[in-house]
Visitor: 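Let me give you the structure first, and then I'll get to my questions.
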Number of protein chains: 2
Amino acid sequence: MWADNEQRAPRGDESGGGLRRRATIHDVARLAGVSRQTVSRAVNDKGEIDPATKERVLEAARMLDYRPSRFARGLVRKGTVTAGLVIPDLMNPFFPEVAAGVLEAAEQRGWQVVVWDIRTDDGREREALDVLSHQADAVVGYFKNDDDVLARHLGGMPLVLLERGPQQTRFAAVGIDAAAGLEQGIAHLVRTGHRRIGMLDGDRLDAPGPRREAFLAEARRHRLPVDGSWVVKCPEHSVAGGEAGMERLLAARPEVTAVFGFNDLIAIGAIRTARRHGRQVPGDLAVMGFDGLSLGELVEPALTTLHLDKRRLGRLAVEQVARLRAGEEPLTGADAWVIPELVVRTSA
Amino acid sequence: MWADNEQRAPRGDESGGGLRRRATIHDVARLAGVSRQTVSRAVNDKGEIDPATKERVLEAARMLDYRPSRFARGLVRKGTVTAGLVIPDLMNPFFPEVAAGVLEAAEQRGWQVVVWDIRTDDGREREALDVLSHQADAVVGYFKNDDDVLARHLGGMPLVLLERGPQQTRFAAVGIDAAAGLEQGIAHLVRTGHRRIGMLDGDRLDAPGPRREAFLAEARRHRLPVDGSWVVKCPEHSVAGGEAGMERLLAARPEVTAVFGFNDLIAIGAIRTARRHGRQVPGDLAVMGFDGLSLGELVEPALTTLHLDKRRLGRLAVEQVARLRAGEEPLTGADAWVIPELVVRTSA
DNA sequence: AACGTTCCCGTGAACGTTCACGAGCCGCCC
DNA sequence: GGGCGGCTCGTGAACGTTCACGGGAACGTT
């Protein structure tokens, strides 16, 4: 006499709305007149079941809109791994590409990935970690917060930091060899006759990031007439940010003859304001980016840049997670670094 | 005498590798000399616990590298919702933006989102659904497969289709009002004197998609001298695809004077080959895109396009999922449609 | 001295599934 | 007619956590 089981149909009237209790395996078993185990056999189509009863069970399941609880199932069947991926800003074309790498590698291992878009609000990093620490088995991503803060919020979960050099953190990391990149980049600029080179840095913090440090180091090495006053910070890692930054650089150092962008977006912004100020690119001003977005081939002039294998970055990160989980030593040094490759187009 | 508990440290030697059994709440309880419940109180920091014992428990948890099982926890605490998001191609800047909308709306509801990148391999749609049907509570995404195939692979899960008009599917959907968009677009082209208008379609199938149909309808309405032979298919939704398609369109219909792209990427490709063929844009050939990627402002000439609120698309999809889950009627008609808005820049 | 409060802590039960085992039934062969 | 093997199906137990209780100790109040 429990025939009033809930049907799957929306039943719009059913005033009060709200979800009914989800049907469990017991409900299906009762409706089909069999035991739990038989239901389990039917829905997971194992053998040991009569085709007729199987069909009857499946029908019952359909009527009750039964779906097995992934929690109960996960509790007894081990092996489902969920990784968290934390990304600063999905609107920046750089990140979808590393995300693609992460997704690809994760899928190969049979893992699933839950994604968080921080939207460049550092505070949200902590929220992300708080929920992820409950729902994921490991986390990879970009983080601005300090190691301590992160540790506090991830409650023991393995963490792989993106683009923090393995030296800059006590977590596993995969980084970018900014020094190697800048070496190629600055060398190319110097080779083509530039000495008054500025930089549009992207770091929000006061502490200089690896790219700025490498830039300054190369400047010293080549004895360029360049110091900290030649780098201006672009808090926004976007074309608009680059435009604004270039505006300030031009004001501070009008004699600048080449400029290095923290990333391709910023570099493109630099090109735009340079042109707006009547400077030809690359004639009056050479511009070099960093990242190697495919976007760079599309703009005018095509962007010379330090190209990065972003997909590989993502794949490496997943590999690090795997090592952590296996209790192995994470990769360090060259194995955990992606080195940029100079791609000369026309902007420099 | 169970003092040989596994430590968190990597212990590289431990030959044989592999994960030890994860520590459970019982292990922590025993090590700390308390009951499960007390451990639970400590790690979830509820009250009703002496600060001293709490610290002791936490220390024990740290030693054993204890992390609560999300399955066991989810089993008893209801309310964690996981949605699957299936995306054709993360490399196309269009999709990260709708993904951002989905993520944003999902997060507001406290849901998490696991993402699948299909990488434009329709076969992988099914794999994605197979996995997701076990691990998610609902799915939203782009799918090429037919309703039947989808239904078979998602085992009763609610599904929200992106960019299939609510009329074209029996699932809930959120779509794009291609007709309204094309009306504005073609009107603009006609207004500026064009009549020999071609289209670079993106649909892989032979059946014409909504955009092509709307294009053809508008062509008829304006009595343009244009038929099916003026639309060429670009199987690849990318700049390269657009370049190739434009090559063919130029060969088939050299008299073309304006071209409508399935997509901004394709439109940009069209611009590039047009120029390569010595045609000025928009002088000799007007080009119009569809999507309104921010990329379009960066290329030369800046792309005139039918701009879409992609974020809103994503948010709407999540809202549909919510309705489905609540047993309400999903949105239909204008409420579930995003209408494009003509953004005139310089390419047309 | 009895009683109420507050603070801390532990004990069954429940969540929904799968696993390991065993039982009944049927047909067949010796 | 007894035994044996192959199907089909059901029964406890276990997975790891939280919830709803209840209990004891310490302290104060009347």
Side-chain angles (χ1 to χ4, degrees), chain A residues 5-6 19-58 60-61 64-82 133-137 155-156, chain B residues 5-6 19-58 60-61 64-82 133-137 155-156:
Chain A
N5 281 299
E6 203 61 16
L19 310 309
R20 272 281 173 284
R21 186 182 68 88
R22 270 262 297 269
T24 80
I25 201 174
H26 291 97
D27 303 325
V28 180
R30 280 205 310 261
L31 180 52
V34 296
S35 73
R36 307 169 308 212
Q37 181 60 18
T38 303
V39 176
S40 177
R41 283 190 262 256
V43 303
N44 302 354
D45 58 27
K46 314 208 169 174
E48 308 203 354
I49 185 174
D50 185 286
T53 58
K54 174 169 176 177
E55 191 41 55
R56 190 157 38 95
V57 168
L58 256 27
L64 299 179
D65 189 23
Y66 166 72
R67 265 163 296 145
S69 150
R70 70 165 173 284
F71 295 117
R73 184 175 271 173
L75 195 54
V76 50
R77 296 219 268 240
K78 319 292 180 187
T80 29
V81 178
T82 300
S133 68
H134 289 357
Q135 313 283 5
D137 303 305
Chain B
N5 280 297
E6 203 62 13
L19 308 309
R20 270 282 172 284
R21 186 183 67 89
R22 271 261 298 268
T24 81
I25 201 173
H26 291 97
D27 304 326
V28 180
R30 281 205 309 262
L31 180 53
V34 297
S35 74
R36 308 166 304 197
Q37 181 59 20
T38 303
V39 176
S40 178
R41 281 190 263 255
V43 303
N44 302 353
D45 57 27
K46 315 209 166 174
E48 309 202 354
I49 185 173
D50 185 287
T53 58
K54 175 170 176 176
E55 190 42 55
R56 188 156 41 94
V57 169
L58 257 28
L64 299 179
D65 190 23
Y66 165 72
R67 264 162 296 145
S69 150
R70 69 166 174 285
F71 295 116
R73 185 175 270 173
L75 196 53
V76 50
R77 296 220 267 240
K78 319 290 179 188
T80 27
V81 178
T82 300
S133 68
H134 288 357
Q135 312 284 2
D137 304 304

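Convention: sequence-line order gives letters A, B, ...; per-chain numbering from 1. Quick caveat: nothing in here was measured; it's all calculated off a predicted structure.
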Visitor: How bent is the helix from C:dA1-D:dT30 to C:dC30-D:dG1, measuring the angle between the end axes built from five pairs each, rounded to 10°?
Guide: 60°
Visitor: How close do A:Thr24 and A:Tyr66 get, counting heavy atoms only, and between which atoms?
Guide: C-CE1, 3.5 Å
Visitor: Listed by chain and number, what are the side-chain contact (heavy atoms from CB on, under 4.5 Å) partners of B:Arg56, not counting sequence neighbours?
Guide: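 side-chain contact (heavy atoms from CB on, under 4.5 Å) list for B:Arg56, sorted by chain: B:Val34, B:Thr53.
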Visitor: Can you check each nucleotide of nucleotides 11-18 of chain D against protein heavy atoms at under 4.0 Å and return B for base, S for sugar-phosphate only, - for none, in 5' to 3' order?
Guide: BBB-BBBB
Visitor: Does any residue of residues 50-58 of chain A have a heavy atom under 4.0 Å from DNA chain D, and if so, which ones, in number order?
Guide: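 A:Asp50, A:Thr53, in order of number.
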Visitor: Tell me, please, which residues at least two apart from A:Thr80 pass side-chain contact (heavy atoms from CB on, under 4.5 Å).
Guide: B:Phe71, B:Gln135
Visitor: Minimum heavy-atom separation for B:Gly156 to A:Asp65, with atom names?
Guide: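 Taking B:Gly156 first and A:Asp65 second, the nearest heavy atoms are O-OD1, 3.9 Å.
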Visitor: Quick one: pull up CZ in A:Arg70 and CG in B:Asp137 and give me the separation to the nearest 0.5 Å.
Guide: 4.0 Å
Visitor: Looking only at heavy atoms, what is the nearest atom pair of B:Val28 and B:Ala61, with distance?
Guide: CG1-N, 3.9 Å
Visitor: Taking N and O atoms by type only, does the side chain of A:Glu48 place a donor or acceptor under 3.5 Å from a partner on the base of D:dC7?
Guide: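 Answer is no: no donor-acceptor pair is held.
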Visitor: Can you give me every donor-acceptor pair (side chain of residues 35-49 of chain A, partner residue at least two apart or in another chain, under 3.5 Å) with its distance?
Guide:
unit_1	atom_1	unit_2	atom_2	d
A:Ser35	OG	A:Thr38	OG1	3.3
A:Asn44	OD1	A:Arg73	NH2	3.1

Visitor: How far does CG of B:Leu75 sit from CG of A:Leu75, to the nearest 0.5 angstrom?
Guide: 6.0 Å
